[in-house]
Structure formats: structure tokens, C-alpha cells
Student: 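One structure, as C-alpha cells, below. Some questions next.
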Amino acid sequence: MTTPVETTDDARYDFRAIEARWLDVWREKQPFRSGNPDDARPTKYVLDMFPYPSGDLHMGHAEAYALGDVISRYWVLKGFNVLHPIGWDSFGLPAENAAIKRGVDPAGWTEDNIAQQRSSMERYACSFDWDRVLMTHRPEYYRWNQWIFTRLFERGLAYRKPSQVNWCPNDQTVLANEQVVNGLCERCDTPVTKKKLTQWYFKVTEYADELLDELETLRGSWPDKVIAMQRNWIGRSRGADVTFLIEGRDEPIAIYTTRPDTLYGATFMVVAADSDLAAELAQGADAETQERFNAYVDEVKAASEIDRLSTERPKTGVFLQRYGINPVNGEKLPIWASDYVLADYGHGAIMAVPAHDQRDLDFARAMDLPVRTVLDCRDEDGNPLPEPAESGEATTGNGTLINSGPLDGLDKAAAIAAVIEQLGAADQGKEAVNYRLRDWLISRQRYWGTPIPIVHCDDCGEVPVPDDQLPVKLPSTDGLDLKPKGQSPLAAASDWVNTTCPKCGKPALRDTDTMDTFVDSSWYFLRYLSVNKTDGPFDLDEAKKWAPIDQYVGGVTHAILHLLYSRFFTKALRDMGMIDFGEPFSALLNQGMVQMNGSAMSKSRGNLVRLSEQLDEYGVDSVRLTMSFAGPPEDDIDWADVSPAGSMKFLARAWRLARDVTSEPGVDPASGDRDLRAVTHRTLADANELVESFRFNVVVARVMELVNATRKAIDSGAGPADPAVREAAEVVAKLLSLFAPYAAEDMWSMLGHTDLVALSGLPEVDEALLVQDTVTAVVQVMGKVRDRLEVSPEIGEDELRELALASANVQRAIGDATVRKVIVRAPGLVNIVAN
RNA sequence: GCCCCCGUAGCCCAACUGGCAGAGGCAGCCGACUUAAAAUCGGCCGAGUACGGGUUCGAAUCCCGUCGGGGGCACCA
């Protein structure tokens, strides 16, 4: 293969030469530093979600950082001091797995990848402030994870409890509920099982109401979809706790229901098979029942999450030979154990109202239990719905209470109020709220994470490591077996584990678990404010100056976990008096994903588009421009549908404008070609609004129009010396600097400027140039266009009506018909109704 | 099963939120330049807005239904 001889014609757009030139200049000038205390510009905080350093940057990163950069560079261009930092979410399993597989040091592996990503980001022209870099695996960072953990512990927001946890048999570690997807481990797709362990939790539920209610303050600034997902995840429900006496048990048990109005329809009770309560009730039963119960529980535990989640799974359970007493009517209700009731929601026990709950009805039919209808439910036409016992369809809506003693005749809402009142008076129940949200399990039995700063002392219990002894650094991997084995690898580092109690000085043991890496990312946005601070996690004055984040940019994959945890941390830190706001991200933009031929790019499918190859072939600017131009930012991009080659052609075309301009910098554009000036200023005006509403693809299209108009002016209009041509070319360079920073700088310099276009500011829009001399008024007859009139934009309704009716074309269209009505929308439209 | 979003030229996408369906690009075609090609420049072609109803002077836009695509939740009592 031969390479054609490169002509040394420097009048051609050569992206390689341009990249080399400007990368050096930017390295030297560092134009996006935000930390100068004397900087008088107003501030903005624009944040891209930080990457995990699993290798070099890929197409997904390229899209995210291209879009984040448009926003950040826009505000810089508008004259703001923009804090646009980057860092690395550098704790986590891939480093550890690489260490296990290839025997490399996780720290070394991580730092190598970070160096590579950083270099790629610089090449990619990301407008980051390189003075503010953070990496979560560094002790200078995770020290403050430990510090915050300690503060949460002091406030009772970090606690340890034994419970059935999600267990990944492959990774040999626990998973948060959020990390279990369809019963599979989010990372390795292994079916998740349950295991009983004592683990650390953060008490997210303490903030459940606030996390839910304050979502409303984000409406309009966050995607509706994300708000809905968070709302769903928190899953607040309102109902009542009702206490049932249990035969042969001193303590009554409480159940939670959202339908206390159907209390008279309860025909049995169900307790979660894997709950302590079920075990205890079974113990009070005869030997045969106990045996059946134990067998059932074993069966339930053996079933994988996938089986459990199967919707069509028939109901199973065991009658415990025990009875509860319905508080409203004294009826004896048999108590069953089943896995369709969850141990960790509500009280792990329910009253079953089969007539009005589908799950209870399915169970009742499977076990041949009675069904009692207590609601008269009707369809839209007022006809009674079929009896649930016969139809198999529970009636779960509104209705009129029947068979319910004092509640008879009431509707659902009134009955709920009445029954809560009645229960309260008898001390048998009260209103209650429940959440789908569970506390956040943060313990991980892995090496590559933040050690939990707790010492276990026989005498003093759980003792936090004092602040002045932080960080608790990870021990060296030397001699440690990192392979997953159900216990943290740290447990084997005996020199490290064995310590003394900070309180009493006796021998004690360190906690050997490490924190979920979502802890790292729950507050990193605050650490950027003062990455080198050694006497606190972040500087409180800097937080006042910059936070909360004005614009957060990242993938929708983090719509629940990361955002929810960050919101929790922010509220907790606020309550510690460290910050004065409760929501970290004032606005959120979710970019889509990059696909290839309709499916996600993956190594296994072999349809991977390599970023480095795209950059080599088309250049950074073309790839970035393609990302912005492909469509709305939140839509997925199919790389097969877009054209980086087309982007390159356009950039060359734009670049040549600067080459062709012959006027000197600083000429007054006022004397220039008015038509071109009008296009320039219209583009400018639109660009502001379009960027701020994230319609980057439309901005690019507008710039293309401006380039076309300028080309035309140069070749067959005002000519290359016209001041309006310079003005247009300069605006092209400025606007293009958001999308194609290299080409834009090169244009700016060709246009005779010595400063950076990225910092050159945007000219004021000249409103006078936006007003048109005439506009086209469309005249419709019965909705069909019959004539077009050139009229003044200030034309009045009456005048326009007269003009329209006077038109010959219009009169012909009306013909013999009678004009019934004339709708005038000056200056653009007239519609004549005639028949 | 429940909830949410989306269907506009061959393709990616615009359309001032109810007012001329087309801004931009990709692909295609024609022409200019060239010995030829590439590059460049100029031009052309192209849907009546998934489908069916409704509201309105007027609907891609609002309402109802159907079909198709995408996403979220899924025994949470």
C-alpha cells in the first residue's frame, strides 16, 4: 500500500497538523483553570460523571465528554468562570480482577489506565481544569470517605446489622439491591443467591420522604424519566399498621396494609417464610408442621432470585397451624408461611384479603382458602363486577363496603378513614407509611476499596478510628490472596487486622470489609472544590462559592443508584452543617449511548468501534462534531447512521472561510453586507437559546447554514474583503469552538487573532439586524395556501385582511362561496373560511 | 401485568410548541473544474408526518383507539 505524497500546501485543512499545533498551546496556557481567587467572572459548575479507569476511553466517553464540553465551553465563551473538573472513580472490581488474573498490582494497573485516559482526554480537547484532578483510590481521597463514614456512624446513619443479603457466588461478595438486575449480578450476570451476614448499612431510609418530595424541585431541570425512576425506586406507600393477637403468643403481631378498608375481608394471614417470625411461629406448632415448614424454607432458600422473580410462578406455602385474631370482628385467621410475602418490607407479615388482592386470591385458590367479598365494585356502566371467588380476578379498585359491619355503605376513602379511626381508638392500629427503598448496604468483601474505619473491641464494641489516625490505608497486596472466598482479603493481613482499641488500648481487630464504590462517587463533586485540602473533605467557603452543581452530565445508567446516594450524602452533609443546600445537581442531562448497527457495542459481538481509530482517521474535531450533530443528546447514536467523514468535509469548508477572508481584524462590520450580517446575528441569537436547551444538533445545523451563506458571499456576493464576511467567519469560529475546538482555534488564528477563540467571548446580538423589511404573509382559503403577500412586519390585522381579500388568487379560490369568517394572525397568516 | 417516552423523505434529524411540512447532514443523480480521478464548487431529486377516528378556521403538534419501537418497575401487601 502506498501513501500519496502529501502536498505541503498549507492552504488545506490538515487536522493532524492543526491538532499538534493547538494541543501544545493549550498545554502551556491551561485556558480552563478555574482556581484563581482574583477571577472576577461569575461562576458556573459544570460536571461530567467521572470515569472508571478500566482501559482507554471508548466511544461512550467520547460522546459524554463532547456534550459536556459544549456546555462548559459555552459558558466560558459567555464570560463565566467555569469549574469543569475531571477525576477517576478508581476503586472497584476490574482492578482487582486484573490483579487476580494477571498478578498485577491493582494500584499500578489503575494508575496506568488513568495516565492513558488522561492523555486521551487531553488529545480529545476536553476543557477540564487539570489543577483539580482527583482519584478515589488515593489515600488522600478515601481518607475522607472514612471521615464521612465516622460522622455518619456518630449520627446513627451508619450501622451494622445481620440480614439476608444478596450474594454473588462468582464475585464472592454482597451486592446492594440496586446491583441485582433481574436476579443477576449487575457485573457478571451470575444468578444471585441469599446469604445471612452482618453488614454495614447507611440509613438512606431516614431521608426517604425528603428524597422523594424534593424530586419535585428538580422537575424541569432533570429528565422526567429520571425523576420517575427515583420516585418509583423510593416507592412510598401510605396505609395502616394493624395489630393482630396471636393465639398462644404473648405479643401481638403487626401487619402493614394499604387497604385497611378491606379488613373485614381478611380470611387468613401470611408471614414471610424466611423471616424470624415465621420460624418462631412454626416452633410453637406440632412436630409435623415444623418439619414441613423447615423443608419449605430450605426449598425457598435454594430457589434463585430468577425463579423468585418469575411472574407466572404458582403460589406455595405452609400452614403453620397457628391463628391470629382479626381485631375488628374477632375472627380466627389461619396463619400461613409463604415466599410471596417479603421479610424485609413492612413487618414481613400481611393480612390476606383474597377478594380484593390478586396475590392473596391466587394463594387462596391454590390452598383452597375462603374468599369473602367486602367491596361492591362496579364497571363503568354500573354493572357489578364478577365475584372474585369465581372469576379468579380480584377486584382491587374502589367500591362500596359490604359485609363490613360499621363500614357498610362507605366508599374506599371514607372506609379507610373510618377504620383507622376505629383501630386507633382501640389501640389496634394506626396510619403508616412504607417504602420500597431499603437502607444502603455498603460492606464489600473485597480488597480494592476504602477500608471501613472501625475497630472491633471485645470490651468497647464498634469503635471508630479517631480522625487523627485516618486514613486507615489499605495494606500492601504482598502476601495477600485477593481471590474471592467469601471473606475480605484484608482478613489475611494479620499485621494490619490486629491493632489496639482506640478507646481502651486493648488488643482489637480492624473491620476487614471495604466500602461499596458508590460511596466514593457520592460526594466527589465536593472534593473537586479543594482537591488538595488536608484538614477536611472540602473547603466550606469554596462550597458556598461553587456548589451546588449547575449542570451535571452523564449516562442514564446512573439514574437511580449514583444520583440517589449523592442526594442522600448531600442531605446528610447539610445536616452536619457543612453545606447549605440539599440537592447536589441543579440540572441534569443524560446523554444516550453509542451503538453500532442497532445494538450496543460489545467485545463479544465484535462490533466495537474503536475511538482511537476514529480519531486517527477523521480527527478529534470531526468525531466530536459528529457526536453533537447526530441528534438530540439524550438519543442513542448509531455510528452506522452518522458520518464523521461528512463532519470532516464540513470542518474543512468552514476552515477555508477563515483562509479566504482578506480584511484586517478589527474592521467595523457595520458597513458590511446587510443580508449576511442578518444571517450572522440570527445565528448568534438562536445559538444562545439552542445551546441552553441542549439542542446542539440544531446549533450545528445553524452554523452550517451560516457557513453556506458566508461561502456564497465570498464567491458570488460581497466578496472576501467585505467586513460582514469577516464578522461571519469569526462567529463561525466562535460557535464552532464549542464542537470542534482545534479547527476553531486555527480559524481564529488565521483570521489574525493572537488570543484563544475559546476565551474570546460572544459578540452582542444586534437586534436591529434581526428585523426584516418584509415578511411573507400566507393567505389560505379553507386551510389551503392560495397566495403569498410581502408585507411589513408591523402590518395591522385590518390592513392585512383587506390585502388578502383583494388578492386575485384568493378571490378566484373563493369563487361563488360566501365568506363566513376571516382569521388573521398578523403578520404571517390569513385564513378565509368560505362555503 | 403496570407506568413512561417515541414513530416526519432511502437514512440521521428540523419545524418559533396549533399557523406555508424542510433548516442542516448522509446517500443518490446532473453539471463545472481536470488528460483522468480525488478534492472543491454549483444544481437536482425526494415524504404529506405509522394507521383509524375526533376537536379546530387550521393538527406532525391537542384528545381517543390500533399497530410498531424503546425504556422503567414487577409478588413492596
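The basis for the numbers below is simple: all heavy atoms, side chains too, and nothing from hydrogens, waters or symmetry mates. We name chains A, B, ... by the order of the sequence lines, and we start the count at 1 in each one.
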Student: Go ahead and name the base partner of C73(B); Watson-Crick or wobble counts if both distances stay under 3.5 Å, otherwise write none.
Tutor: G1(B)
Student: Identify, with sequence neighbours excluded, every residue that meets ring pair (Phe, Tyr, Trp, His ring centres under 6.0 Å) alongside Y256(A).
Tutor: none
Student: Contact class for R653(A) vs. all strands (heavy atom < 4.0 Å): base, sugar-phosphate, or nothing?
Tutor: sugar-phosphate
Student: Can you tell me the Watson-Crick or wobble partner of U61(B), both distances under 3.5 angstrom?
Tutor: none
Student: Against the six-membered ring of Y340(A), is K315(A) placed for a cation-pi contact (under 6.0 Å from the centre, within 45° of the normal)?
Tutor: yes
Student: Would you mind checking if R16(A) and D14(A) are paired as a salt bridge, meaning a charged N to carboxylate O distance below 4.0 Å?
Tutor: no
Student: Write out a two-atom table: protein N or O, nucleotide N or O from nucleotides 4-13 of chain B, distance below 3.5 Å.
Tutor:
residue : atom : partner : partner atom : Å
C12(B)  : O2'  : A630(A) : O            : 2.8
C13(B)  : O3'  : N697(A) : ND2          : 3.3

Student: What's D638(A) touching, base or sugar-phosphate or nothing? Going by heavy atoms closer than 4.0 Å.
Tutor: nothing
Student: Taking the C1' atom in each of C16(B) and A39(B), what is the distance between them to the nearest angstrom?
Tutor: 38 Å
Student: Name the pairing partner of G31(B), where a pair is Watson-Crick or G-U wobble with both distances under 3.5 Å, or state none.
Tutor: C41(B)
Student: Filter on side chain to side chain donor-acceptor pair (under 3.5 Å), then keep only pairs touching residues 821-831 of chain A, sequence neighbours left out; what's left?
Tutor: none
Student: Restricting to ring pair (Phe, Tyr, Trp, His ring centres under 6.0 Å), what partner residues turn up for H681(A), sequence neighbours left out?
Tutor: none
Student: Before we go on, tell me: are the rings of Y345(A) and Y435(A) under 6.0 Å apart, centre to centre?
Tutor: no
Student: Looking across every strand, which nucleic acid part, if any, lies under 4.0 Å from V833(A) by heavy atom: base, sugar-phosphate, or nothing?
Tutor: sugar-phosphate
Student: Tell me: CD1 of I560(A) to C1' of G71(B), nearest whole Å?
Tutor: 11 Å
Student: Is any side-chain nitrogen or oxygen of N708(A) closer than 4.0 Å to OP1 or OP2 of G25(B)?
Tutor: yes
Student: Could you tell me if the side chain of R231(A) sits less than 4.5 Å from the side chain of E216(A), heavy atoms only?
Tutor: yes
Student: Just do the side-chain contact (heavy atoms from CB on, under 4.5 Å) check on E705(A) and V679(A) with the steps written out, would you?
Tutor: CA-CA 9 Å; E705(A) 278 183 87; V679(A) 177; 5.6 Å; no
Student: Considering only G72(B), A77(B), C57(B), which nucleotide approaches the side chain of Y345(A) most closely?
Tutor: A77(B)
Student: Side chain of K712(A): nearest nucleotide among C73(B), G43(B), A27(B)?
Tutor: G43(B)
Student: Should G48(B) form a Watson-Crick or G-U wobble pair with both distances under 3.5 Å, which nucleotide is its partner?
Tutor: none
Student: Once you apply the 3.5 Å cut-off to both distances, tell me the Watson-Crick or G-U wobble partner of U8(B), or none.
Tutor: none
Student: Provide, to the nearest angstrom, the distance between the CD atom belonging to Q358(A) and the C1' atom belonging to A77(B).
Tutor: 13 Å
Student: Between A23(B) atom P and R682(A) atom CZ, what is the distance in whole Å?
Tutor: 15 Å
Student: Of the listed nucleotides (G42(B), C73(B), G25(B)), which one gets closest to any side-chain atom of R436(A)?
Tutor: C73(B)
Student: Let me see the working for F268(A) and F363(A) under ring pair (Phe, Tyr, Trp, His ring centres under 6.0 Å), right down to the final yes or no.
Tutor: CA-CA 10 Å; F268(A) 57 99; F363(A) 191 83; 5.6 Å; yes
Student: Any N/O pairs under 3.5 Å between the protein and nucleotides 16-19 of chain B? List them or say none.
Tutor:
residue : atom : partner : partner atom : Å
G19(B)  : O6   : R825(A) : NE           : 3.3
G19(B)  : O6   : R825(A) : NH2          : 3.4
G19(B)  : N2   : N831(A) : ND2          : 3.4

Student: Using a 90° cut-off around 0 for syn, call G71(B) syn or anti.
Tutor: anti
Student: Does U17(B) adopt a syn or an anti glycosidic conformation, taking syn as a chi angle within 90° of 0?
Tutor: syn
Student: List in chain and number order the residues that pass salt bridge (charged side-chain N to carboxylate O under 4.0 Å, His left out) with D660(A), two or more places apart in sequence or in another chain; answer none if no residue qualifies.
Tutor: R711(A)
Student: Atom CE of M704(A) and atom P of C26(B): how far apart are they, to the nearest Å?
Tutor: 7 Å
Student: Please state how far atom CG in L735(A) lies from atom C1' in G24(B), giving the value in whole angstrom units.
Tutor: 15 Å
Student: From C-beta outward on D357(A), which listed nucleotide comes closest to its side chain: C75(B), A77(B), G72(B)?
Tutor: A77(B)
